[in-house]
Amino acid sequence: MNNLETKYNPKDVEDRIYKSWVDGNYFHAEPNPDKKPFTIVIPPPNVTGQLHMGHALDETLQDILIRYHRQKGEETLWMPGTDHAGIATQIKVEEALRNQDGTTRYDLGREKFLEKVWDWKENYGSRIISQLKKLGSSCDWERERFTMDEQYSKAVKEVFVNLYEKGLIYQGNRIINWCPCCTTALSDAEVEYEEQAGHFWHIKYMFKDSDEYVIIATTRPETLLGDTAVAVHPDDERYKHLVGKTLILPLVNREIPLIADEYVDKEFGTGCVKITPAHDPNDFEVGLRHNLEQIKVLDDDAKVNSYGGKYCGMDRYKARKAIVEDLDNLGLLVKVEEHSHNVGQCYRCGTTVEPITSKQWFVKMEPLAKDALKVVNDGEIKFVPDRFSKTYTNWMENVHDWCISRQLWWGHRIPAFYCQDCGETIVSKSDITVCPKCGGKVNQDEDVLDTWFSSALWPFATMGWPDSTKELEYFYPTNVLVTGYDIIFFWVSRMIFSGMEHMKQKPFETVLIHGLVRDSKGRKMSKSLGNGIDPLEIIDQYGADALRFTLATGNSPGNDMRFYEERVEASRNFANKIWNASRFVLMNLNDSATDILPQNLMPEDKWILSKFNDLVKKVTDNLDKFELGVAVQNLYDFIWDEFCDWYIELVKPRMGTENNPQNVLVYVLSNVLKLLHPFMPFITEEIYSYLPVTDKQALIITPWCEYKEDLIFKQDVENIEMIKSAIKAIRNIRSEMNVPPSKKAKIIIVTQKETVFKNGEAFFKKLAWADSVLVTSSKDGIEENCISLVTEGAEIFMPQGDLIDKEKEIARLTQEKVKLEGEILRVEKKLSNEGFVAKAPKAVIDAEREKGEKYKEMLDKVLEGLKNLQ
RNA sequence: GGGAGCAUAGCUCAGCUGGGAGAGCGUCUGCCUUACAAGCAGGAUGUCAUAGGUUCGAUCCCUAUUGUUCCCACCA
């Protein structure tokens with residue numbers, strides 16, 4: 001115990017401590033009517049994913065909250081698990097197959113391919129979990145869930161059927177976002193828009209049997225193949241007379257009408273718009289209004305199909321080029337403008353998505369959005385910081401129907417069955433093989449559901465829904481959801497309406513939003529940039545506590561943070577500081593040491609106990625407000641500055657004497673470890689195990705500290721602060737005069753508070769390098785050639801013999817004088833301001849008066865000192 | 001087009017309901033003071049983006065401006 005190394009080595013500690021927590025079963029929660037529940041469900045990482053900094057931040061924040069509430073004695077459940085992550089996982093496995101032997105999923109067929117994915121999941125699914133453990137995450141591993149577990153799948157089917165029966169899920173042929181690379185439909189949320197440089201092609205459309213024409217402008221000339229009309233605004237005088245006439249579609253030579261529709265903006269471009277109902281969402285609507293034909297000209301892989309005549313088989317960009325060339329040759333290309341516009345891209349693979357009409361399943365959002373908005377607007381669900389509730393409501397108010405079918409194989413297969421004979425569609429929780437209507441053979445829908453459709457159920461499906469379980473009864477609704485602002489739309493909003501719809505209760509009360517972890521230059525960490533920092537490497541090098549501390553520090557909710565190694569180094573140094581302070585305490589304990597406070601507390605003991613009490617309040621309040629960054633800063637300041645730099649130094653002279661401060665040291669250290677534990681669980685648990693505390697148990701379950709009124713000693717705090725300022729003043733002057741610590745000095749303290757400073761004699765010797773300290777209330781007999789220092793409550797004289805440079809001393813005191821005069825002037829100005837005296841709170845005025853008097857007193861002494869020198 | 005964030009020390013950032021601004025890193029000076037050089041002591045550097053307003057008093061609240069980042073929408 002006395003031979004701990006001078007450097008904290010996390011590797012000696014972390015795995016062993018983690019195992020002790022698991023063995024102690026401290027992470028496990030059970031419904032317990034005697035206790036208040038506290039629940040967080042983890043944002044399930046992708047099952048084949050690897051831990052990155054974003055996870056590390058997310059998990060750290062959750063673990064802090066979880067450990068805090070566990071120590072507060074609540075029945076604390078952190079529900080862990082993973083997400084099957086439809087597209088992401090399928091892409092990964094397909095890629096692996098391609099690299100392995102060049103096979104595609106089609107070569108294997110659905111069944112074989114899914115076997116491969118399940119194999120993959122078995123291999124890599126545990127990786128992310130073990131990585132979470134490295135961080136110290138105290139999840140209830142007995143309850144680990146996966147979004148494709150049997151029970152979970154039951155919930156997904158239940159929800160689908162339920163919504164279908166309510167008319168909130170429907171199948172329809174509508175414009176959706178199509179990713180030609182993943183060959184699946186995407187929801188609006190899964191498309192990311194990027195400003196790209198493009199062109200604006202102006203094309204002549206000739207009227208039938210006429211030399212007249214209109215000019216349309218387009219950014220996607222290849223869609224011309226699917227045009228079924230040209231539209232103008234009904235009030236547009238330029239074209240009014242032409243409405244109803246027939247145009248000849250260039251290259252295709254199809255006859256299409258010129259129609260009038262309010263959708264067209266007269267001011268934009270030429271005022272004529274080509275209408276391609278099958279490939280543009282606005283045109284689609286126009287097409288419905290005018291009963292236009294939808295001609296789909298692109299295949300699933302974005303190649304022109306047989307409707308495209310000579311362009312058939314060309315990929316969309318090749319076709320674009322060819323069409324522009326042909327139009328130009330025909331003299332139909334009027335001009336080409338540079339044009340920058342937003343291009344939608346698949347959020348998984350980055351391929352430009354193509355709007356395409358397609359038969360898909362949708363969730364009707366409007367009725368669901370209603371309750372989901374109410375619960376946030378009423379403040380039943382709170383976003384931290386609050387501004388994100390606006391982000392949420394804006395989205396929810398304008399939400400479109402949600403396309404939930406995906407043309408993938410990995411995921412929850414849509415529980416819809418189609419009769420081959422009568423064409424009936426049957427939506428059913430259980431698999432069926434024959435049509436209940438005609439007895440014909442049925443086929444199940446080939447598609448799977450959007451991953452987010454299943455993760456939307458996470459807060460209750462993980463607890464056994466649709467069965468009624470004791471877990472749901474006890475732990476639902478959950479307390480906090482911690483996640484990044486980037487998935488509010490994907491996940492948070494969908495959990496909210498799902499919770500409201502299926503549980504008739506909100507899924508959580510607080511949504512704690514954090515920002516992104518960026519690199520040192522503020523860029524997003526990404527694989528393609530290669531600027532990602534691996535949390536596991538950081539843990540390996542600096543320890544999990546240092547990583548956690550770094551991620552929790554200097555950051556406020558909702559804001560991005562920059563991550564660089566120097567910050568981790570600073571955190572590691574802090575861990576080391578704690579380690580060494582603890583070593584010091586442990587080295588100086590005798591067999592009778594405990595954490596029971598003695599009766600005869602010294603002023604400095606009362607000072608640190610008061611400060612510690614303040615800390616308890618601050619840390620607790622900040623944790624309750626989700627100001628984790630402020631809470632951890634409070635701890636840092638207390639430990640390094642107040643406990644190490646002052647308290648330990650102040651009590652060093654008492655070590656080993658009758659008045660040994662060991663119990664106070666043990667008390668403060670053991671208690672501060674409790675407060676620090678949520679942030680730095682490993683090192684705190686380790687050190688706590690060495691301490692002779694009365695409540696000897698694992699720190700992880702040791703009760704949180706309480707604020708104790710009777711451990712606040714106002715007068716002693718004032719006195720010690722006075723001594724501290726005096727010591728600082730002496731250090732300051734010595735440093736200014738380049739006096740090395742080895743050179744001791746005589747100190748005479750003239751004060752009206754003799755007892756206070758007499759009690760502090762030892763402090764001056766140790767911390768202000770004095771060899772003798774004289775405390776007196778009178779200036780009589782003080783030798784000349786003294787440096788005089790004016791500090792709060794005292795005047796300090798340090799005889800310097802011949803060393804004193806009179807001129808320098810006069811200059812210094814003059815400077816001091818000017819400073820004090822300035823302060824006094826400021827205070828007086830304030831106090832002579834009628835408005836201030838009349839309207840400011842009394843406490844502020846009193847404080848200001850007190851300050852003024854203090855300064856005046858000090859100024860008098862400075863002036864006297866100057867007089868003596870001259 | 002709509003919305004939001006940010007602008008504070010050389011750098012990265014805190015600053016929680018308005019009462020003369022802090023930390024880490026860096027930097028300068030002096031110290032291996034028997035827990036810690038991953039340390040100790042001391043120092044320097046700020047028109048708290050700009051301009052108005054509210055107030056006795058504004059880094060903080062309001063308005064406008066500038067710069068910057070992001071989100072949503074998608075006029076072809």
Side-chain angles (χ1 to χ4, degrees), chain A residues 4 6-8 188 193 200 216-220 223 231 263-265 267-276 280-283 339 341-344 385 387-388 390-391 394-395 398 485-486 488-489 515-516 520 522 542 550 553-556 558-564 566-567 569-588 618 621-622 625-627 629-630 633 636-637 640-641 644-645 648-649 652 727-728 731-736 738-742 766-769 823 826-827 830 833-841 843-845 847-848:
Chain A
L4 295 174
T6 60
K7 290 198 164 69
Y8 171 60
D188 294 342
Y193 289 89
F200 222 2
I216 60 92
T218 181
T219 53
R220 292 188 300 155
T223 62
Y263 149 73
V264 181
D265 179 354
E267 309 303 320
F268 190 84
T270 60
C272 294
V273 188
K274 63 193 264 317
I275 301 297
T276 323
D280 181 279
N282 291 309
D283 294 4
H339 182 70
H341 60 141
N342 273 340
V343 176
R387 67 183 128 98
F388 288 104
K390 203 179 275 181
T391 308
N394 282 345
W395 186 82
N398 300 305
Y485 58 71
D486 51 334
I488 293 176
F489 304 143
L516 266 40
S520 63
Y542 299 97
T550 306
T553 304
N555 179 248
S556 49
N559 290 343
D560 291 352
M561 68 159 66
R562 297 193 193 199
F563 191 97
Y564 43 91
E566 288 87 338
R567 291 190 58 215
E569 223 173 280
S571 306
R572 188 267 322 257
N573 293 353
F574 177 54
N576 199 46
K577 186 74 183 176
I578 299 162
W579 183 253
N580 276 294
S582 308
R583 274 181 64 226
F584 173 81
V585 171
L586 291 166
M587 281 165 132
N588 286 288
K618 280 193 272 188
D621 288 352
N622 282 314
K625 285 191 297 187
F626 302 101
E627 292 283 356
V630 181
Q633 187 68 46
Y636 182 97
D637 291 344
W640 204 308
D641 190 42
C644 293
D645 287 348
I648 287 185
E649 295 304 328
K652 270 182 182 170
I727 289 172
K728 280 185 184 174
R731 284 171 174 175
N732 184 324
I733 197 80
R734 288 178 58 110
S735 174
E736 222 168 87
N738 276 325
V739 188
S742 51
K766 171 106 180 73
L767 301 178
W769 305 287
E823 290 295 315
R826 213 200 76 239
V827 171
K830 216 167 180 180
N833 180 337
E834 281 174 36
F836 176 74
V837 181
K839 294 187 179 174
V844 175
I845 298 172
E848 214 57 41

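Proteins come first, then strands; the chains are lettered A, B, ... in the order of their sequence lines, and each starts at number 1.
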Encoded 5' to 3' (Watson-Crick or G-U under 3.5 Å; [ ] crossing; | other strand), RNA chain B becomes (((((((..((((.....[..)))).(((((.......))))).....(((((..]....))))))))))))....
Open item on the list: I'd like to know if A/E649 reaches the base of B/A41 with its side chain, counting only an N/O donor and acceptor under 3.5 Å.
Closed with: no
Note to self: Roughly how many Å apart are B/U65 and B/G3, using the P atom of each and rounding to a whole number?
What the structure shows: 13 Å
Discussion item. Could you tell me how far B/C61 sits from B/U29 if I compare only their C1' atoms? Round to whole Å.
Written reply: 43 Å
Testing B/C71, B/G3, B/G19 for proximity to the side chain of A/V844, the answer is B/G19
For B/A41 and A/N732 - does any side-chain N or O of the residue sit under 4.0 Å from the phosphate oxygens OP1/OP2?
no
**Request:** Respond yes when some side-chain nitrogen or oxygen of A/W769 is under 4.0 Å from OP1 or OP2 of B/G30, and no when none is.
**Result:** no
Regarding the side chain of A/E627, the nearest nucleotide among B/A76, B/G5, B/G15 is B/G15
**Ion pair A/K274/A/D283, N-O distance below 4.0 Å** = no
| query | Looking at B/G30, does its base get a donor-acceptor pair with the side chain of A/R734 below 3.5 Å? | reply | no
Please tell me if A/R731 has a side-chain N or O lying less than 4.0 Å from either OP1 or OP2 of B/G42. yes
| query | Is the distance from OP1 or OP2 of B/C36 to the nearest side-chain N or O of A/K577 less than 4.0 Å? | reply | no
**Request:** Give one of base, sugar-phosphate or nothing for A/V837, where a contact means two heavy atoms less than 4.0 Å apart.
**Result:** nothing
Note to self: Base, sugar-phosphate or nothing for A/R572? Non-hydrogen atoms, less than 4.0 Å.
What the structure shows: base
Quick note, A/Y636 side chain, CB onward, closest among B/G24, B/A76, B/G15 is B/G24
>> Rounding to an integer number of angstrom, what distance separates B/A14 and B/A23 when you compare their P atoms?
In response: 16 Å
Please state whether the base of B/C74 and the side chain of A/N342 form at least one donor-acceptor pair under 3.5 Å?
yes
Discussion item. I'd like the C1' distance from B/C48 over to B/C60, given in whole Å.
Written reply: 10 Å
Mind checking the P distance from B/C16 to B/G30? Whole angstroms is fine. 39 Å
- Message: OP1 or OP2 of B/G20 versus the side-chain N and O atoms of A/R826: is any pair under 4.0 Å?
- Response: no
From the candidates B/U12, B/A76, B/G19, the one with an atom nearest any side-chain atom of A/F200 is B/A76
At less than 4.0 Å, is any side-chain N or O atom of A/T391 found next to OP1 or OP2 of B/A4? Yes or no.
no
Query raised in the report: Base, sugar-phosphate alone, or nothing: which one does A/A570 contact when heavy atoms must sit under 4.0 Å apart?
Result: sugar-phosphate
- prompt: Does OP1 or OP2 of B/G24 have a side-chain N or O of A/R567 closer than 4.0 Å?
  reply: no
Rounded P spacing from B/A73 to B/U17 in Å = 33 Å
What's A/G554 touching, base or sugar-phosphate or nothing? Going by heavy atoms closer than 4.0 Å. sugar-phosphate
Would you indicate what A/D645 reaches in the nucleic acid, counting non-hydrogen atoms under 4.0 angstrom: base, sugar-phosphate, or nothing? sugar-phosphate
The answer to which of A/E566 and A/H339 contacts RNA chain B further toward the 5' end, by nearest nucleotide, is A/E566
### Task
Ignoring backbone atoms, establish whether A/K839 has a side-chain N or O less than 4.0 Å from OP1 or OP2 of B/G19.
no
| query | When we call it a touch if two heavy atoms are under 4.0 Å apart, what does A/S556 touch: a base, just sugar-phosphate, or nothing? | reply | sugar-phosphate
What's A/N576 touching, base or sugar-phosphate or nothing? Going by heavy atoms closer than 4.0 Å. base
message: For A/R567, is there any backbone N or O sitting under 3.5 Å from a side-chain donor or acceptor partner on A/R572?
response: no
inquiry  = Any base atoms under 4.0 Å from A/C644, or only sugar-phosphate, or nothing? Heavy atoms, all strands.
reply    = base
message = Please give the distance between the P atoms of B/G57 and B/G20 as a whole number of Å.
response = 14 Å
**Item:** Between B/U69 and B/C32 - C1' atom distance, rounded Å
**Value:** 47 Å
Touch check for A/N559, heavy atoms < 4.0 angstrom, all strands: base, sugar-phosphate only, or nothing? sugar-phosphate
